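Single-structure report; data block below.
The residues of the chain are indexed from 1 along the displayed sequence. What you are looking at is a predicted structure, and each value in this text was computed from that prediction instead of being measured.
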Amino acid sequence: MTNYKEYVYAVYQEQSFSKAAKKLYVSQPWLSAAVKKEEQAVGLPLFDRSTNPISLTEAGRYYVERVEQLLSIEREMEAHFQLLRDMSRTRLHIGSSMFFCTYVLPSLMEAFRLQYPQVTLSFTEGSDRILEEKLLSGQLDVLLEAEQLDNSQIASIPWASEEIVLAVPAGNPVNRTLEPYQYSFSAFLQRGRAGGRRPPVPLEAFRQESFVLLKEGNDIHRRSLKLCQRAGFSPNVSLYLTQMMTAYYLVCEGQGITFLRSTIPEHVAATDSVVFYQLDDPLAVRSIYLSYPKRRANPVRQQLIAFMKQNSSMESPASLPLSES
């Protein structure tokens, strides 16, 4: 069958040979001849020329239905090929904390790049405020952090949960009276096993201790102060830092205690120089949010957002009780 479907379809849409000819930039006699050839190939008339405006015959209706299916398939194919072309020259920018950029996102994004090897990914670290500004300005495609962004231009959805625990130098004398609450490094990693969970520590037991905390401008800083305040004291802060991993290693060196993501021990070498305590406070469990602009994204960013929604990268501690039942 000669490929005259676009001419037949134009006549159907315009309900007129003359209007269809103008639309297609061909002469009306040529168009009439082309449609006639298609009808001869089908062996049946496609149009009832006795009506005004011109109408489809039963064969014509079937023909047009199938043409529309073919056009739909062609549009789908073109959209898919356009996506592949876009991905061949696309760079995606993800913003998060140093911890996520170093320990969580590389392995997660490796799975994404197996599906879309043409995409180049870049990670950007920074404070909550700076990352939000970059997201709004279009410098970031998605943002993964503990802050739920309150902005009408941004969608911000829960992506995972994590626990905040207390890390204390193993040699600190305060640990001697807190052994029932205490986890060694290995015991902390195995706390989800039967009988492996200790009761949460009374935070006020550390009111006289020296803390190392993150600087203002992030969720952990605010939660740390509120946790202490709700325990009835203000922390004695000896040092403010910008990175949680730095705080952790200072604790290992005996230079203070800190509030820590519970997932950090999963990514560092085991050590006997630190012990951990869980906390019995709702503030000690927080959500991690996936944030992205609400404006229509390019196809590749849409694929990244869909992938992130389907792949939570952290076990939710909310399913594990903070205290023994």
Side-chain angles (χ1 to χ4, degrees), residues 76 78-164 214 216-223 242-245 261-264 267 285-318:
E76 182 180 339
E78 176 55 31
H80 182 74
F81 293 141
Q82 183 61 50
L83 174 61
L84 294 178
R85 290 193 293 270
D86 289 343
M87 287 192 295
S88 68
R89 56 178 183 273
T90 295
R91 178 184 294 271
L92 294 176
H93 303 270
I94 305 173
S96 193
S97 65
M98 185 278 286
F99 173 76
F100 270 88
C101 289
T102 304
Y103 297 103
V104 177
L105 288 173
S107 58
L108 180 64
M109 290 299 101
E110 182 179 354
F112 178 77
R113 292 204 70 251
L114 286 175
Q115 297 182 36
Y116 305 100
Q118 304 92 334
V119 175
T120 301
L121 297 169
S122 68
F123 301 150
T124 300
E125 304 170 10
S127 67
D128 299 340
R129 182 182 57 80
I130 291 175
L131 291 177
E132 180 180 358
E133 290 175 355
K134 289 187 175 182
L135 186 66
L136 283 169
S137 66
Q139 297 178 63
L140 294 178
D141 293 288
V142 299
L143 173 59
L144 198 63
E145 230 346 316
E147 289 289 320
Q148 182 174 22
L149 303 184
D150 185 15
N151 189 297
S152 60
Q153 301 178 55
I154 295 176
S156 194
I157 60 174
W159 183 73
S161 292
E162 67 176 0
E163 192 177 352
I164 297 171
L214 297 189
E216 290 186 41
N218 62 71
D219 184 70
I220 282 284
H221 173 86
R222 291 186 286 273
R223 286 178 187 261
T242 58
Q243 300 294 345
M244 188 178 297
M245 293 302 297
R261 294 178 188 265
S262 60
T263 46
I264 283 181
H267 300 283
V285 177
R286 67 176 185 172
S287 294
I288 303 299
Y289 291 90
L290 173 67
S291 300
Y292 51 90
K294 290 182 179 178
R295 63 180 179 271
R296 181 171 178 80
N298 66 56
V300 188
R301 184 198 292 167
Q302 289 177 327
Q303 294 294 329
L304 174 63
I305 293 170
F307 177 85
M308 294 293 289
K309 287 179 178 179
Q310 295 168 5
N311 291 272
S312 174
S313 61
M314 299 170 63
E315 178 183 357
S316 170

Is [Y] close to [X] at the side-chain level, that is, under 4.5 Å between some pair of heavy atoms?
X    : Y    : result
F112 : V119 : yes
Y292 : R301 : no
V300 : Y116 : no
I264 : F99  : yes
I164 : R286 : yes

Nearest 0.5 angstrom please: [X] [atom1] to [Y] [atom2], how far?
X    : Y    : atom1 : atom2 : result
M244 : I220 : CE    : CD1   : 4.0 Å
H93  : T120 : NE2   : OG1   : 9.0 Å
I130 : L135 : CD1   : CG    : 14.0 Å
Q303 : Q115 : CD    : CD    : 8.0 Å
I305 : M308 : CD1   : CE    : 9.5 Å
S122 : L92  : OG    : CG    : 8.0 Å

Smallest separation among heavy atoms of [X] and [Y], with atom names:
X    : Y    : answer
E145 : S97  : OE2-CB, 2.9 Å
S287 : S161 : OG-OG, 4.2 Å
K294 : A155 : CG-N, 3.6 Å
L140 : L131 : CD1-O, 3.5 Å
D141 : P293 : O-CD, 3.4 Å

Evaluate the criterion side chain to side chain contact (heavy atoms under 4.5 Å, CB included) for residue pair E162 and I288; output intermediate values, then yes/no.
CA-CA 7 Å; E162 67 176 0; I288 303 299; 3.5 Å; yes
Using side chain to side chain contact (heavy atoms under 4.5 Å, CB included) as the criterion, list what pairs up with E76, not counting sequence neighbours.
none
Holding to side chain to side chain donor-acceptor pair (under 3.5 Å), I want the full list of residues that pass it with S156, two or more places apart in sequence or in another chain.
S291
Return the set of residues passing side chain to side chain donor-acceptor pair (under 3.5 Å) with S137 (not counting sequence neighbours), or none when no residue passes.
Q139
Chi angles and distances behind the side chain to side chain contact (heavy atoms under 4.5 Å, CB included) call for L121, L105:
CA-CA 10 Å; L121 297 169; L105 288 173; over 6 Å; no
Could you tell me how the ring of Y103 sits relative to the ring of H267: parallel (under 30°), tilted (30 to 60°) or perpendicular (over 60°)?
tilted
Evaluate the side chain to side chain contact (heavy atoms under 4.5 Å, CB included) criterion for residues F307 and L108: first the C-alpha distance (whole Å), next the side-chain angles of each, then the deciding distance (0.1 Å), finally the verdict.
CA-CA 10 Å; F307 177 85; L108 180 64; 4.0 Å; yes
